[in-house]
Each structure stands twice: as structure tokens, then as C-alpha cells.
There are 2 protein chains.
Amino acid sequence: MTISEVSEKYGLPPDTLRYYEKVGLIPPVTRKESGVRDYSEQDCGWVEFIKCMRGAGLSIETLIRYVALYRKGNRTLKQRKQLLIDEREKLQERIEQMQQVLKRLNYKIDLYEDRIVSCEKKLLS
Amino acid sequence: MTISEVSEKYGLPPDTLRYYEKVGLIPPVTRKESGVRDYSEQDCGWVEFIKCMRGAGLSIETLIRYVALYRKGNRTLKQRKQLLIDEREKLQERIEQMQQVLKRLNYKIDLYEDRIVSCEKKLLS
DNA sequence: TCTTGACTTGGAGCCAACTCCAGGCATTAT
DNA sequence: ATAATGCCTGGAGTTGGCTCCAAGTCAAGA
């Protein structure tokens with residue numbers, strides 16, 4: 001797959017795909033002899049994984065660490081697992097905080113509804 | 001309350017508090033005759049609200065719009081409510097996405113556990 | 001009165017994460 | 001053969017959100 005096809009498929013600009021590879025956010029992509037990128041299934045898998053994790057707010061720095069560990073092979077299994085556990089913890093906290101804010105927004109929206117209704121009553125009376 | 005007391009209370013640096021006020025993220029803070037900020041209850045309320053909303057990922061731009069509407073008075077009640085509804089929607093989507101990722105992390109962590117266990121078995125055999 | 005310390009402002013600097021660009025090579029279409 | 005298209009690289013520029021700094025003011029203590 002060419003870079004523009006991958007870009008299309010995952011909704012990430014080609015520049016971003018190149019950037020991700022350059023900084024080590026995804027392992028080096030397969031190339032044709034000419035040097036042009038030719039994404040394999042596995043390459044696409046990494047793109048999808050990174051897109052997904054970035055979407056949940058994991059930092060680029062963290063994901064670079066993860067990919068670097070992956071590239072060192074099987075002896076880093078425990079470290080990779082621990083990294084994911086740490087990130088899961090942070091993610092859980094973020095979700096809980098956001099759920100609190102969601103409640104607060106719901107409450108505030110209800111208050112606005114009340115105020116709008118009573119304002120309109122006043123105008124009609 | 002002085003800026004450093006408010007800073008202490010909400011865990012936001014004084015520079016950030018000034019920045020928030022400068023860009024209109026919170027309404028202008030009460031001042032002493034000397035020009036020094038003297039946060040009222042209401043001023044603190046705004047700081048707390050903005051800190052909370054920022055923590056959930058609402059953009060500064062959006063919150064500036066909200067505060068600007070607030071400052072225009074009661075005729076903007078409906079717009080403010082709509083703004084909050086829109087942000088609630090986005091927040092809900094972000095939470096759902098993050099919950100998906102949480103599931104995926106759980107799954108991946110379990111896979112790692114399996115791989116680590118079978119790796120250790122191999123070493124012991 | 002003079003110094004110290006907390007505050008003020010405007011503006012520059014910084015960091016994460018892209019995003020864009022110039023100059024160049026390679027394949028494809030005419 | 002040549003032009004157009006799509007890709008390449010290294011590096012500069014941009015955006016959001018702070019964060020820091022210099023130069024100045026003000027109130028309280030020695």
C-alpha cells in the first residue's frame with residue numbers, strides 16, 4: 001500500500017505518517033527498491049494501533065518508548081506490559097474525571113433550561 | 001484573596017491565572033485601588049469552573065466563547081446552553097472512545113500476561 | 001527613608017504535535 | 001523524449017496552551 005492509500009484508509013495525512021515513522025512512533029515501514037514506502041499489513045496494523053492510542057490521549061513520547069521496547073524483542077515483554085498497565089491507570093483516571101465533568105455539564109444544562117423557562121414566563125406575563 | 005492564595009488553592013500557577021484572565025477565559029478579576037488582584041468568591045468560582053472544564057479537555061477557545069456570552073448577560077442564556085450541549089456531546093464521544101481503548105488495553109495486557117507465562121515455562125523446561 | 005517582597009504589565013520563549021515546503025528522484029502518460 | 005505526478009528528505013513554520021522574564025509599582029517592616 002502506498003502512503004496516500006494508508007492516509008486515506010486511516011484518515012491521517014501523509015506528512016503525519018512520515019512524521020510518526022521518523023520519530024519512531026511506528027517501526028520503519030517496508031520500502032520498494034526505489035525507496036518509496038509500501039505499507040505491509042503489519043505496518044498498517046501499527047498505524048491503526050498508534051492512531052487509536054493517540055486518540056485516547058497517550059503521549060507520543062510514551063508510544064515511542066513502547067515501540068522501542070517492541071523492537072528490542074521478547075526480552076522486553078514485562079516492560080511493555082508494565083507500560084501498558086501504567087497507561088491504563090492514567091486513562092482510567094482521565095475517564096473518571098471526564099465523567100464527573102459530564103455530570104456537571106448535565107446539571108448546568110438543566111439549570112439553564114430552568115432559567116430560560118422562567119425568563120420566558122416573565123416575558124409572557 | 002491574593003493571586004498566590006488562589007494559585008495555592010487551585011494548583012494553578014499565578015502566571016496561568018493571569019493568562020486566563022488576559023485572554024478572557026475568566027471574567028476580569030476584582031482589584032484593589034492599587035491595581036492588585038483581589039479574587040472574590042465569584043472570581044474563585046470561575047477559576048474552579050475553568051480548571052475543571054480544561055481538565056476535561058474543553059478548548060480554551062470554546063471556554064472564551066462561553067465567558068464572552070456570559071458577560072453579555074441574560075439574553076445569551078440559550079446560546080450558552082447550546083454551547084454546553086455541544087461540548088457535552090463531544091465529551092461523551094471522547095469518553096466512549098477512551099473506554100474502547102481501555103478495553104483494548106485490558107485485552108492487550110492479558111495477552112502479554114499469557115506470553116510472559118509461556119515464555120517462563122519454556123525457560124524452566 | 002530605604003529596602004524587601006509580592007504584585008503589575010507586555011512581550012518573548014517553550015513544548016508537544018503536527019504541518020508545510022523546497023529541492024530532488026522515479027514511475028507513468030503523451 | 002518529455003512532462004506530469006507522486007513520492008522522498010531535511011528542516012522550517014504553526015498552533016495551543018502555557019511559562020518565563022524584565023522593568024516597574026506599591027505596601028509593610030527595619
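A note on names: the letters A, B, ... follow the listed sequences, proteins ahead of strands, and every chain is numbered from 1.
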request  = State whether the side chain of B/Lys51 and the backbone N or O of B/Tyr10 hold a donor-acceptor pair below 3.5 Å, judged by distance alone.
outcome  = yes
ask   = Going by heavy atoms closer than 4.0 Å, what residues in residues 17-35 of chain A are next to DNA chain D?
value = A/Arg18, A/Lys22, A/Arg31, A/Gly35
task = Round to a whole Å and report the spacing from CG of A/Asp15 to C1' of D/dC7.
result = 11 Å
task = Go through the steps to decide whether B/Glu87 and B/Met53 satisfy the test side-chain contact (heavy atoms from CB on, under 4.5 Å), and finish with yes or no.
result = CA-CA 10 Å; B/Glu87 292 307 309; B/Met53 294 301 136; over 6 Å; no
Value in whole Å for how far the P atom of D/dG16 lies from CD1 of B/Ile64 = 10 Å
request  = Check whether any side-chain heavy atom of B/Leu17 sits under 4.5 Å from a side-chain heavy atom of B/Tyr39, and report yes or no.
outcome  = yes
task = Starting at atom CG of A/Leu58, determine the distance to atom C1' of C/dA16, rounded to an integer number of angstrom.
result = 15 Å
key: Toward the 5' end of DNA chain D, by each residue's nearest nucleotide, B/Val36 or B/Glu61   = B/Glu61
query = Is any side-chain heavy atom of A/Glu61 less than 4.5 Å from a side-chain heavy atom of A/Ile64?
reply = no
remark   = Ranking C/dC21, D/dC18, C/dA17 by distance to the side chain of B/Ile60, first place goes to D/dC18
inquiry  = Output the rounded distance in Å from CD1 (A/Ile3) to C1' (C/dC25).
reply    = 16 Å
inquiry  = If we count only N and O atoms by modelled type, under 3.5 Å, do the side chains of A/Tyr70 and A/Arg80 hold a donor and an acceptor together?
reply    = no
task = Select one nucleotide: of D/dT19, C/dT9, D/dC20, the one nearest the side-chain heavy atoms of B/Arg37.
result = C/dT9
query = Roughly, in whole Å, what's the span from CG in B/Asp38 to P in C/dC7?
reply = 11 Å
message = Looking only at the aromatic ring of each residue, does the gap between the centers of B/Phe49 and B/Tyr66 stay below 6.0 angstrom?
response = yes
query = Nearest of C/dA17, D/dG17, D/dC7 to any side-chain atom of A/Arg54?
reply = C/dA17
